[in-house]
Number of protein chains: 2
Amino acid sequence: MDAAKPKSFVSAQMVAERAGVSRSAVSRTFTDGASVSEPTRRKVLEAATALGYHVNHLARGLRERSNIVCLVVADMTTPIRARMVDILSRKLQAADKIIMVINTESQTESVAAALRQTLNYRADATVVLSGTPPASLIETCLANGQQVVLINRDDRLSGSHNLGVDNAMAGREAFFLLHRAGCKRLGLVTSTAGTASLLERERVFLEVAAKAGVEVSVIAAGPTSYASGSEAARRIFGRSRAPDGVFCVTDLLAMGFMDTARFEFDLHVPEDLCIVGFDDIEEAAWQSYRLTTFSQPLDEMADHVVALVLDPGMAGAERRIFEPVPVWRKSVRPSAG
Amino acid sequence: MDAAKPKSFVSAQMVAERAGVSRSAVSRTFTDGASVSEPTRRKVLEAATALGYHVNHLARGLRERSNIVCLVVADMTTPIRARMVDILSRKLQAADKIIMVINTESQTESVAAALRQTLNYRADATVVLSGTPPASLIETCLANGQQVVLINRDDRLSGSHNLGVDNAMAGREAFFLLHRAGCKRLGLVTSTAGTASLLERERVFLEVAAKAGVEVSVIAAGPTSYASGSEAARRIFGRSRAPDGVFCVTDLLAMGFMDTARFEFDLHVPEDLCIVGFDDIEEAAWQSYRLTTFSQPLDEMADHVVALVLDPGMAGAERRIFEPVPVWRKSVRPSAG
DNA sequence: TTGAAAGCGTTACCAC
DNA sequence: GTGGTAACGCTTTCAA
């Protein structure tokens, strides 16, 4: 602790003066692998702590990589997104990266603005969790030597890294889960968001059901949320020929659906109604729900992202698909027999 | 689109050369309020888009403020935390700030490391949502002209801005809610985290109960989570003289507690058991829970943080208390007429 | 081992 | 309105 308390940031210069050495010496003290004699080193360190000096990484980033990784994300409060951000930031930090979060709307325009920010701050890499950026901007990022990683987004986009889960598998499995449980009339609850992942789960579910000759009513009541799931239930059970088995394209939808089915229509799960979700958010395991669903291998996915970010030389334009794993709980009847 | 695709970031220099002007002209084109003639402006803009130029904010931050605001947070996946980060980042972004997230453990040591990072990146301000940083480091931040904002942390810490909710009020109200509902034996479910906010709610609840001559059994089964709430219920209902009214210091605890009370001990809420929570997370409104709780005025709080961050001259060392608002739902019996 | 000097990409200040 | 130059704080040659 010392009296010398400047009202703006301390520079290496000041430390050098106080320690009676050159700025070079100061710099060397703080870059490992540089040669400084023990005495100077000590003098520098002492002056530094007295002054409260901290190396300016912004200035350092002027010459080398910035070590900044940008996470572009919408709907952060959604459990699945919160977990993605959590895991990703943890692992990236462990790899000495700094996390910059851009909380955006998922409209293309907002995502574009986010990417531009990314460029402004010379981020080493950008990870897009929501929305679909315009291809031209991705190219600009790549041209500037920045990595672009798209998670659960559209298809491969020129040179960007791409990872997603096997939505087709989920759609297919969901159908068979319900089919094997003996459900006769099926429902598909989806959102109006219309993202590629959701659409794919939907498409395959419908396709397989059609092939099996099972009729499916489709409902999209709003964005991906508990409220939309609720609303979907109200609409679907207001009709005659209500389904006895439903695939909700997301856990959040499933929980809203299940709750209003039980509390407003007095249906019993899984006796009267079987429900399958997707994401395996924590709430799905809660005793009020015990939702059968699919879990995304978030850890593996995050590991892959880190590898991509760390190794710029890694072959780009690759699409890597991860297998969601079915999580059996109690919202689907065990298959007869 | 152009052939000139460098593999590293484009500088103003390059743009200047291509446009046939000086770098000053380029700089002026991108700082508003600077005077450039329309023709040069156009030439610059054209060259810039062709090259994919983006102003380097890192370099800009060398002279002025960095516009970076750092959020230090633990337990990001927790609904209340996720919402805080979401709201805060939204509002700060709207004020042209860039959000840097440091996902940390809440141990003092990790928080300290986070603050040092904050310094390294010349953040204009640091907002601490979890853990308690050492006072000496806060001083260093302040000395370096950085704002420090502590949310729901300990008391005022030398010069840092401080905001929190009125936990005493919540503890008191929680008691009266249960008391008026006619509960005879009370329970207090808390976490082993032992943060200042939790402790305060706890303390006042016990104090008021003691004054009213009502006995309270206290249980802390683990960290602040659904699982801990569950475990608390198992322990408390394993005993004789189980409570018929419980204050859970957090919604997450409340939901775990409620679920195992109902599903494992066949208790009915609110007939056999009244429950009060705190936070008003989204899940509290779900039909399976309808939890009576207190909501933190997150919007107001975030607005205040933004004001603090934007106006460095604002009187420091102030503690601002926000009033949580009681949210009546169905987990507490209406008080007997 | 050390210090001087150049360079990183900006912007602010000066002359013109 | 425009271009040159200094300065921001750092790291990295290069001599000594």
Side-chain angles (χ1 to χ4, degrees), chain A residues 6-45 47-48 51-68 98 119-124 144-146, chain B residues 6-45 47-48 51-68 98 119-124 144-146:
Chain A
K7 245 323 186 190
S8 85
F9 288 96
V10 183
S11 72
Q13 176 73 282
M14 305 181 190
V15 177
E17 278 163 16
R18 180 174 176 123
V21 298
S22 69
R23 334 155 206 207
S24 316
V26 177
S27 175
R28 279 190 285 257
T29 306
F30 289 101
T31 56
D32 32 41
S35 61
V36 213
S37 71
E38 199 41 39
T40 18
R41 201 187 133 73
R42 264 223 316 285
K43 275 192 292 184
V44 170
L45 249 29
L51 258 29
Y53 171 72
H54 290 253
V55 178
N56 185 338
H57 281 47
L58 261 35
R60 175 184 277 176
L62 237 43
R63 335 187 86 267
E64 337 165 6
R65 343 196 69 228
S66 66
N67 280 332
I68 295 174
I98 283 293
L119 256 8
N120 283 135
Y121 280 87
R122 299 306 192 248
D124 294 350
N144 279 320
Q146 192 182 74
Chain B
K7 247 320 187 193
S8 85
F9 288 96
V10 184
S11 72
Q13 177 72 282
M14 305 180 190
V15 178
E17 278 163 15
R18 182 175 174 122
V21 298
S22 69
R23 328 149 219 222
S24 313
V26 177
S27 176
R28 279 192 285 259
T29 308
F30 288 102
T31 56
D32 32 42
S35 62
V36 213
S37 72
E38 199 42 40
T40 16
R41 201 186 134 72
R42 264 225 315 286
K43 274 191 293 185
V44 169
L45 250 29
L51 256 30
Y53 170 71
H54 289 253
V55 177
N56 185 339
H57 282 46
L58 261 35
R60 173 186 277 176
L62 238 42
R63 335 188 86 265
E64 338 166 5
R65 344 196 66 230
S66 66
N67 280 332
I68 296 174
I98 284 291
L119 255 10
N120 282 327
Y121 280 87
R122 297 308 190 245
D124 293 349
N144 279 322
Q146 192 181 74

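Chain A is the first sequence line, chain B the second, and so forth, proteins listed ahead of strands; every chain is numbered from 1.
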> Out of curiosity, R65(B) CZ to S8(A) OG, how far, rounded to the nearest 0.5 Å?
Replying inline: 10.5 Å

> Within this structure, what is the CG-to-C1' distance between L58(A) and dT11(C), rounded to whole angstrom?
Replying inline: 15 Å

> Would you say a side-chain N or O of Y121(B) is under 4.0 Å from OP1 or OP2 of dG9(D)?
Replying inline: no

>> With the threshold set at under 4.0 Å for non-hydrogen atoms, list the residues of residues 29-40 of chain A touching DNA chain C in residue-number order.
In response: S35(A), V36(A), S37(A), T40(A)

>> Quick one, H54(B) and R122(A) - any side-chain contact, counting heavy atoms below 4.5 Å?
In response: yes

> Can you check the N56(A) CG to dG9(C) C1' distance for me, whole Å?
Replying inline: 14 Å

>> Please report the distance, rounded to the nearest Å, between CZ in R65(A) and P in dT11(D).
In response: 17 Å

> side chain to side chain contact (heavy atoms under 4.5 Å, CB included) with T29(B): which of V55(B), V36(B), V15(B)?
Replying inline: V36(B)

> Rounding to a whole Å, what distance do you find between N144(A):CG and dC8(C):P?
Replying inline: 17 Å

> With a non-hydrogen cut-off below 4.0 angstrom, is R63(B) in contact with a base, only sugar-phosphate, or nothing?
Replying inline: base

>> Without decimals, in angstroms, what is the distance between R60(A) CZ and dC8(D) C1'?
In response: 17 Å

> Which listed nucleotide (dT11(D), dG9(C), dT11(C)) is nearest to the side chain of V55(A)?
Replying inline: dT11(D)

>> Can you confirm whether V10(B) sits close enough to R18(B) that some side-chain heavy atom of one is under 4.5 Å from a side-chain heavy atom of the other?
In response: no

> dG7(C) P sits how many Å from R23(A) CZ, rounded?
Replying inline: 15 Å

>> Mind checking if R122(A) touches a base, just sugar-phosphate, or nothing, with heavy atoms under 4.0 Å?
In response: sugar-phosphate

>> Rounding to an integer number of Å, can you tell me how far R42(A) CZ sits from dT2(C) P?
In response: 12 Å

> Looking at side-chain heavy atoms only, is the closest gap between N56(A) and F9(A) below 4.5 Å?
Replying inline: no

>> Any donor-acceptor pair, under 3.5 Å, between the side chain of S24(A) and the base of dA4(C), if you only look at N and O atoms?
In response: yes

> So, D124(B) side chain and S66(B) main chain: donor-acceptor pair closer than 3.5 Å or not?
Replying inline: yes

> So which nucleotide from dT2(D), dA6(D), dC10(D) ends up closest to the side chain of R28(B)?
Replying inline: dT2(D)

> In whole angstroms, how far is the P atom of dT10(C) from the CZ atom of F9(B)?
Replying inline: 11 Å

>> Are Y121(B) and N67(A) packed together at the side-chain level, in the sense that at least one heavy-atom pair is separated by less than 4.5 angstrom?
In response: yes

> Phosphate oxygens OP1/OP2 of dC10(D): is one of them under 4.0 Å from a side-chain N or O of S27(A)?
Replying inline: no

